[in-house]
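By convention in this document, chain letters (A, B, ...) are assigned in the order of the sequence lines, proteins followed by strands, and residues within each chain are numbered from 1.
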Number of protein chains: 2
Amino acid sequence: MTVIASTETSQSKADAGSVSPATPPVVGFATSPDRYRHCRLEVDGEVATVTLLVDEHGGLVPGYELKMNSYDLGVDIELYDLVQRLRFEHPEVKAVVMTGGLDRMFCAGANIRMLAQSTHAWKVNFCKFTNETRNGIEDATANSGQTWIAALNGTAAGGGYELALACDQIILVNDGSSAVSLPEVPLLGVLPGTGGLTRVVDKRHVRKDRADLFATKSEGYRGGTAVEWGLVDATVSRNAWDEEIGRRARQAAASSKRPSGAEGVRLTPLDRKDEGDTIAYPYVTAKIDRSGHRVEITVAAPGEAPPADAEAVLAQGVDYWPLAVTRALDDLILHLRTNETELGIWVLRAVGDAERVMAYDAQLRELAGDWFVNEVRHYYKRTLKRLDVTSRSLIAVIEPGTAFAGLLLELALACDRQYMLEGVYEDRDDGAVPATIRLSESTGGDFPMGNGLSRLESRFWGNEDDLAAALARTGEPLDAAAAVELGLVTLALDDIDFEDELRIVLEERASLSPDALTGMEANHRFVGPESMESKIFGRLTAWQNWIFIRPNASGPDGALRRYGTGRKGDYDLKRV
Amino acid sequence: MTVIASTETSQSKADAGSVSPATPPVVGFATSPDRYRHCRLEVDGEVATVTLLVDEHGGLVPGYELKMNSYDLGVDIELYDLVQRLRFEHPEVKAVVMTGGLDRMFCAGANIRMLAQSTHAWKVNFCKFTNETRNGIEDATANSGQTWIAALNGTAAGGGYELALACDQIILVNDGSSAVSLPEVPLLGVLPGTGGLTRVVDKRHVRKDRADLFATKSEGYRGGTAVEWGLVDATVSRNAWDEEIGRRARQAAASSKRPSGAEGVRLTPLDRKDEGDTIAYPYVTAKIDRSGHRVEITVAAPGEAPPADAEAVLAQGVDYWPLAVTRALDDLILHLRTNETELGIWVLRAVGDAERVMAYDAQLRELAGDWFVNEVRHYYKRTLKRLDVTSRSLIAVIEPGTAFAGLLLELALACDRQYMLEGVYEDRDDGAVPATIRLSESTGGDFPMGNGLSRLESRFWGNEDDLAAALARTGEPLDAAAAVELGLVTLALDDIDFEDELRIVLEERASLSPDALTGMEANHRFVGPESMESKIFGRLTAWQNWIFIRPNASGPDGALRRYGTGRKGDYDLKRV
């Protein structure tokens, strides 16, 4: 399978004529500023400006034009790339102004024709990715000293306003016409499902009856009301615009803890090889078993000890093992989620020298104050969060030679189940050492889930004693007996039973309803408290998924399909 | 429209032959122990025993047999009635043992053929009601000193186990075969959506990888494992069964604060009149406007001052105004939700003497320690919670003569919007006094929502100053100007604009997609934190609704439709 970068995909596919929505293209997530077609990034000292100027003819899939700065997955891939590069390549940037390149329209949101022609799976996956990017913007503001400011120099509608909601501040131009709006419910019969409903009330604290008015008023609200209700922070005339936006950006930058004078790390193209059903990166390999509907993902421990200090870490840049692993995992997760929907089971392994993993783990903590190491930590955290919301069954397999320790143990803990071999494979592991796993200080909470809990806290939710007992063994190699005793693995079996059991488990899993599994896993993984983030991926997304496939939205007479025809949706008025 | 009680419906409909799932019967929610066909209630001093013995031929709708103590809405209506009567009619009951009347099967859960033949709306509404009843069981345990114990004298499968999960303790017979199980995912391709997934991890604190094993293993787990994992509290042999269940019931009763020697209040049949499109109870009236797709619900203030003391309150029994209002509202909400799905908008008004409402409100607080008043308070709370999860647009209208004060103000605050007339209707209200609303001490949190917040806290979520400012005006009559200023109403207009505005609002609302409104309202109403309860109605329900309409479950080859044919579901294996 040839992976095509997003922008190339669109061109080649456009040349090839219309593509049925039932066979979406293979999507690549790798891009770079020199290939952007929709976004422009300008850096001026501490302040970067991101300008959204979508190429109408640059859709990822044929069949729609990206008018009025509306977006599709291709646009969002650029936006994601840009958010990442700002964090790694631009340590000097302390504030990011996001604005639009059109005259009176900042962004019209997700392209409606694109939504109308897409399969359900495509829509859902697209929304998940856009949600993750918007969470990433908030993460940059919260954890990276890079404050995003939405400078709405025109109307922000639907997903356009949802994009602004991810920013720390929202400034709307006061020109007598520009507004913010969420027209999804009145015009399309779907939800503002990319965080919109949730962020309006949970982040912006808009009173809920006003949120109701807002989300049912297709034209939205302009300056005065928008400010009074909290939908935006300020409204500014065109005359004062540049000065006010600049002032706010400088003010945000002034409170940033990001270093001055540091050099960035260039996110060079990933070293990824696709050969048959194997995808290989330097530290991550994926082997696809199509008949088994699964993929075996193996993460390798580092080959060498960590570099001596922050300077040496920076010098390694993208080759710094934790970053290399994270980038590969991130790309792989996105690829598999988007392009391999029939691989319902991901089997995760970690192999190699666990001691070295622990050494890197310690370094990530020790140098946490360094801007680059901080970025690596948070990027790894975000990538684990992608795994948490991935609608695939995740199974960790722990065998001799495992490197599930410290930060890599998070991968196992993110799984729905953990299977551990007790002892060795007698018939082939002559001289092998039985597997052990190891908690590190980071297991306590350096890489929290979207609901704010560590994966260990989630595992032992409501069982404080079990949590404490596990944490008390931090650093110790824990063999199968200890891991079972502490509740860190689901099952440990000796080699006579292990392979059979695992085979049966995987076969059984592949025989279950993918939809039911998705719902079940989403409920089990997020035990305990909820955050705005987990509410967006949980409640809001689940409702949106439901609405997406209702005839009132996606049926032949549904609002989504009829949009632009001049005819409104023909609704079945029965409430469910 | 003639309302038929549940058991009568089933008989008359059964006589009439098969009913298309597209035209479900008109369901009545009123029943009483002498009419039960599925449940038996025995009271022995402080301990009541509820025995589930479902009449196979007593289905509410033709087309299925309720074998193995499986249930449908009719069974659940009896269960709900029974939970209510235990609280009001049996102050002496301090522990409730729930058990089964069959040999080796406690309860097989919701009847699968019933689910397979039901419309989507019917399934969703059925699940909502069963969820509410299970929450009611927990509420009895938590707030009424009536501890429920599930005495599983046979297998509890699916909804049967979910029913047990609502109890404070779960005891499973150790007979070598009885088990607890959640077979929905492996057998039916749907979720254990009546709280099962959520309560296993969030209430029982079962480790999530074990919860995953459990929810994919159709036969479930028996004694030892079930206890070790926390799925049940104990497993007891048949020999020791009666003694151990009795011991636990007496122990639970001993810690109850329920009074001894008190006399119960009989829940006599409701005085409900259905005439044309009007439904009238003594203090609640509903007028249906079918062409407008709405119903106008009016709640009347009491006609007299509250009775003098707890004794006098008790003497009034079901005629005690707060209880009479609550029972009527409860019945009306259930009726409209189930039988009037095309009435998408409920317009709520309260009329009468607000002073008297405030007097009753004060009394409910003052006598909160009295067992009967306590029951009334919690019943009103539960009824308001029904409103919160009702998938209808709720609009409060506040006009001269309004009685939206104290506990009745909760009804307005539960609404998605509040419209208030400023001044009077000049052309018809000669001499009328402009409307005022009033907060009372109870507004501060006596009737919390499912997420634990008061409706006022929800309204001002994230705006502590606004909350404090409103609470500071507790007791004061607040006119339209003050109500707007304090943010207690959405909009106040004078009579020239009010009626037009309201008409437009209602017409517009009726023109929107019912599905999108349902999702939007569910997201807006539950701002802020989540509880187990709100997670069940939010995330779990939303996922289940999605799964219910997916072809993998409900399509002709879906698991739900194929169940019992010996053929497994034929799944589209693409993950969404």
Check each atom of [X] against the heavy atoms of chain B and say whether the ones under 4.5 Å are side chain, backbone, both or neither.
X	result
A/Gln544	neither
A/Lys203	neither
A/Ala559	neither
A/Thr198	side chain
A/Val489	backbone
A/Ser531	neither
A/Ala522	both
A/Phe548	neither
A/Phe214	neither
A/Leu213	both

Original post:
B/His120 vs A/Trp546 aromatic rings, parallel, tilted or perpendicular, using cut-offs 30° and 60°?
Top reply: tilted
Do [X] and [Y] have side chains that get closer than 4.5 Å, going by heavy atoms?
X	Y	value
A/Arg539	B/Ser534	no
B/Thr216	A/Met520	yes
B/Arg575	A/Ser393	yes

Give the member of [options] that has the highest number of heavy-atom pairs under 4.5 Å with chain A.
options	answer
B/Ala510, B/Ser511, B/Gly487, B/Ala553	B/Gly487
B/Val124, B/Asp466, B/Asp416	B/Asp416
B/Val201, B/Asn523, B/Val576	B/Asn523
B/Asp202, B/Leu188, B/Leu491	B/Asp202
B/Ala121, B/Gly344, B/Gly519, B/Pro186	B/Gly519
B/Ile547, B/Val527, B/Asp572	B/Val527

Top residue by heavy-atom pair count (under 4.5 Å) with chain B, among [options]?
options	answer
A/Gly538, A/Pro529, A/Ser391, A/Ser458	A/Ser391
A/Arg204, A/Arg525, A/Glu508	A/Arg525
A/His293, A/Lys208, A/Gln418	A/Lys208
A/Lys123, A/Arg337, A/Glu342, A/Glu530	A/Glu530

Which pair of heavy atoms, one from [X] and one from [Y], lies closest together, and at what distance?
X	Y	value
B/Asp515	A/Asn552	OD2-ND2, 3.0 Å
B/Phe537	A/Trp543	O-CZ2, 4.3 Å
B/Tyr571	A/Leu512	CE1-C, 3.5 Å
A/Arg207	B/Phe460	CD-CE2, 3.9 Å
A/Leu191	B/Ala516	CD2-O, 3.3 Å

Original post:
Has the side chain of A/Lys535 got a donor or acceptor atom that lies under 3.5 Å from a matching backbone atom of B/Gly528?
Top reply: yes
Original post:
Taking the side chain from B/Lys574 and the backbone from A/Pro514, do they hold a donor-acceptor pair closer than 3.5 Å?
Top reply: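 Not a single qualifying donor-acceptor pair exists.
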Original post:
With distance as the sole criterion, is a donor-acceptor pair present between the side chains of A/Thr518 and B/Arg550 under 3.5 Å?
Top reply: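 No pair is found: no donor N or O on one side chain lies under 3.5 Å from an acceptor on the other.
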Original post:
With a 4.5 angstrom heavy-atom cut-off, which part of B/Arg509 approaches chain A: side chain, backbone, both or neither?
Top reply: side chain
Original post:
Considering only heavy atoms, which portion of B/Glu521 lies under 4.5 Å from any heavy atom of chain A: side chain, backbone, both, or neither?
Top reply: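 Interface part for B/Glu521: side chain.
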Subject >> Point-to-point distance, once rounded to the nearest 0.5 Å, from CG of B/Leu573 to OG of A/Ser513 >> reply: 9.0 Å
**OP:** Look up atom CG in A/Leu517 and atom CG in B/Asp212, then write down how far apart they are to the nearest 0.5 Å.
**Re:** 8.0 Å
Original post:
Of the options A/His524, A/Arg417, A/Arg459, which is the one that meets B/Asp209 in a side chain to side chain donor-acceptor pair (under 3.5 Å)?
Top reply: A/Arg459
